[in-house]
Amino acid sequence: MHAVMIELVSIMTAVGVGHLTAGLFSPISSPYQAVADTVVRLSPSWLTEFGKVLDFPAVGLPAGVADKVLLLVGIGVALLALGVLAGLVAHRSRSTGRAVIVGLGLVGLAAVCFSPVFGLIDLVAPLAAMLSGLSAYFRLYNLAEQVVAPPVPGREWKNAVSRRSLMVRSAVLGAGAVGAGIGGQLMGAGIGGDTAARDAAAPRLRPAEPLPPLPPVADFAAVGTPDFITPNADFYRIDVALRIPTISAQDYRLRVRGMVERELSFSYDDLLNRPLEERRVTLACVSNQINGNLISNASWVGVSLRELLLEAGVRPGADQLFSTSADGWTCGTPIDVLLEPDRGAMLALAMNGEPLPLIHGYPVRMVVPGLYGFVSATKWLADLEVTTFDRRRAYWLERGWAQKAPIKTQSRIDRPRGLETVPAGRVTAAGIAWAQHRGISRVQARVDGGPWQDAQLSTEVSRDTWRMWRAELTVPPGNHFIESRATDATGAVQTDRRTEPIPDGASGWPMINFTAG
Ligand SMILES: Nc1nc2c(c(=O)[nH]1)N[C@H]1C(S)=C(S)[C@@H](COP(=O)(O)O)O[C@H]1N2
Ligand SMILES: [Mo]
């Protein structure tokens with residue numbers, strides 16, 4: 001019994017101290033965090049794709065968050081289970097209990113060392129974790145050995161420790177470990193740390209030329225499409241960051257280096273002082289399934305990435321801009337696309353009128369109209385290296401996704417909803433269509449494989465944003481299915497050939513089954 005408790009408390013101490021030390025020195029060096037990050041990096045793609053769309057709305061966990069919470073809780077449960085097992089064995093052999101703590105410590109240490117952003121300072125937290133876990137183990141075991149059974153008359157109490165005091169000390173240590181863990185979390189997250197800087201930047205994030213207001217019919221939200229602009233709180237989120245990198249705007253530095261004539265370096269203030277432009281751009285994730293919701297639209301304010309590259313002077317032969325985020329995630333974007341004068345590639349600083357929210361990349365992220373997010377939309381941007389595709393391979397390329405990934409011409413059906421029952425007769429179908437940077441020129445819908453019918457389109461706001469469609473269809477009572485297909489401004493029609501998201505985006509016509517009654 002004692003053995004299990006001692007094992008558990010020792011493991012908790014190690015984890016708590018590791019997390020606290022990391023919070024003080026370098027948040028990414030928390031062994032717990034590093035192990036979770038390693039699981040993410042090594043996950044097979046079926047698991048990753050499952051995680052991206054997993055959500056638990058009932059407990060307030062949207063997609064992009066639910067998978068992360070599940071992983072972190074899962075590792076905690078696994079640790080506790082291991083602790084119980086090790087404790088049961090340690091009851092017989094004390095060295096097993098010790099070995100498990102050393103083993104876990106080494107796993108944490110290895111995970112930290114293999115982080116893509118490892119630095120020497122990152123050794124402190126895993127070492128502190130292992131030492132504190134071991135010392136808790138020895139201290140509690142020594143205490144446990146002095147525990148005597150209920151005092152018998154005449155027995156010497158002096159050096160003996162009561163069972164109760166062992167329990168109390170274990171409980172205090174356990175509670176301390178939990179407190180240390182929470183403390184480390186708060187410190188690492190820089191709670192309150194940068195909100196002042198974020199607020200201070202807000203008034204300066206005004207574009208030189210504000211965009212004209214939206215046209216009156218930019219969406220058909222009244223019949224079930226999304227609003228034209230996605231509120232920040234509803235914007236889809238995709239990243240591999242278990243801990244949101246917290247970068248202080250004061251310390252922010254962005255280097256532009258590699259195959260350039262001149263290396264450049266910018267502070268957050270330098271970027272704020274450049275001419276700011278505003279663009280409405282719809283971001284889309286390559287992992288989006290047909291009819292999926294990993295797509296959102298915002299108005300971004302930031303600086304021209306093309307201007308930055310021209311200032312640095314791209315040397316001949318370079319074909320890739322290799323960007324790295326503060327947490328080590330990497331992304332490769334074709335330089336020729338970024339240098340197109342009318343592409344509008346930018347380093348965004350604001351999203352829908354406020355400085356970037358932390359989960360969407362504060363303080364600086366990339367936005368490139370027309371390319372899927374995994375090859376263009378680096379959040380928490382830390383480094384820009386001009387290089388070649390031969391020389392450096394980005395995060396998702398290493399995992400089987402495409403090197404270049406322009407967004408495909410697509411549409412989605414939002415109404416009727418899947419399996420919905422609607423009154424027979426005239427049925428309003430509605431949805432979205434997108435082909436960023438080419439623009440949408442036509443959307444058609446049909447019922448039960450019948451003739452295609454042209455849908456009405458919302459006013460085009462920009463060829464870089466989605467466009468909404470609605471169509472009035474006539475359906476008799478019974479079960480039906482509806483399909484849609486979009487045509488982009490180059491005349492290319494959305495293909496009916498169904499493909500999986502991997503490697504360069506899903507294709508195929510969306511289809512919804514519904515009942516008219
Ligand atoms: N640092 C970092 N940036 C990232 C990613 C990531 O994992 N880490 N994911 C990319 C992917 S796959 C997409 S689709 C977009 C999503 O941006 P959002 O979360 O703001 O919607 O961010 C991109 N930028
Ligand atoms: Mo993505």
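In each ligand, atom 1 is the first atom listed, and ligand 1 is the first ligand listed. Note that the structure is predicted; figures quoted are calculated from it, not measured.
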Asks: Using every non-hydrogen atom in the two residues, find where Ala284 and Gln436 come nearest and quote the distance to one decimal.
Replies: CB-NE2, 4.0 Å

Asks: Show me, pair by pair, the donor-acceptor contacts under 3.5 angstrom made by side chains of residues 113-125, not counting sequence neighbours?
Replies:
{"unit_1": "Ser115", "atom_1": "OG", "unit_2": "Val117", "atom_2": "N", "d": "3.1"}
{"unit_1": "Asp122", "atom_1": "OD1", "unit_2": "Ser26", "atom_2": "OG", "d": "2.6"}
{"unit_1": "Asp122", "atom_1": "OD2", "unit_2": "Gly119", "atom_2": "N", "d": "2.9"}

Asks: If you look only at pairs with a residue in residues 340-362, which of them pass as a ring pair (Phe, Tyr, Trp, His ring centres under 6.0 Å), with sequence neighbours excluded?
Replies: Phe235-His360

Asks: Tabulating one pair per line, provide the atom names and distances (0.1 Å) for every N/O atom of ligand 1 that is less than 3.5 Å from a protein N/O atom.
Replies:
{"unit_1": "ligand 1", "atom_1": "1 (N)", "unit_2": "Ser325", "atom_2": "OG", "d": "3.0"}
{"unit_1": "ligand 1", "atom_1": "1 (N)", "unit_2": "Lys379", "atom_2": "O", "d": "3.2"}
{"unit_1": "ligand 1", "atom_1": "3 (N)", "unit_2": "Lys379", "atom_2": "N", "d": "3.0"}
{"unit_1": "ligand 1", "atom_1": "7 (O)", "unit_2": "Val240", "atom_2": "N", "d": "2.9"}
{"unit_1": "ligand 1", "atom_1": "9 (N)", "unit_2": "Ile238", "atom_2": "O", "d": "3.3"}
{"unit_1": "ligand 1", "atom_1": "17 (O)", "unit_2": "Arg365", "atom_2": "NH2", "d": "3.0"}
{"unit_1": "ligand 1", "atom_1": "19 (O)", "unit_2": "Ile238", "atom_2": "N", "d": "3.0"}
{"unit_1": "ligand 1", "atom_1": "19 (O)", "unit_2": "Lys379", "atom_2": "NZ", "d": "2.5"}
{"unit_1": "ligand 1", "atom_1": "20 (O)", "unit_2": "His360", "atom_2": "ND1", "d": "2.7"}
{"unit_1": "ligand 1", "atom_1": "20 (O)", "unit_2": "Arg365", "atom_2": "NH1", "d": "2.7"}
{"unit_1": "ligand 1", "atom_1": "20 (O)", "unit_2": "Arg365", "atom_2": "NH2", "d": "3.4"}
{"unit_1": "ligand 1", "atom_1": "21 (O)", "unit_2": "Tyr236", "atom_2": "O", "d": "2.7"}
{"unit_1": "ligand 1", "atom_1": "24 (N)", "unit_2": "Ala377", "atom_2": "O", "d": "3.0"}

Asks: Evaluate the side-chain hydrogen bond (donor to acceptor under 3.5 Å, both in side chains) criterion for residues Asp390 and Thr388: first the C-alpha distance (whole Å), next the side-chain angles of each, then the deciding distance (0.1 Å), finally the verdict.
Replies: CA-CA 5 Å; Asp390 284 343; Thr388 64; 5.2 Å; no

Asks: Ion pair present between Arg279 and Asp464, side-chain N to carboxylate O less than 4.0 angstrom?
Replies: no

Asks: So which pairs with a foot in residues 331-344 pass side-chain hydrogen bond (donor to acceptor under 3.5 Å, both in side chains), sequence neighbours left out?
Replies: Glu340-Arg343, Asp342-Arg463

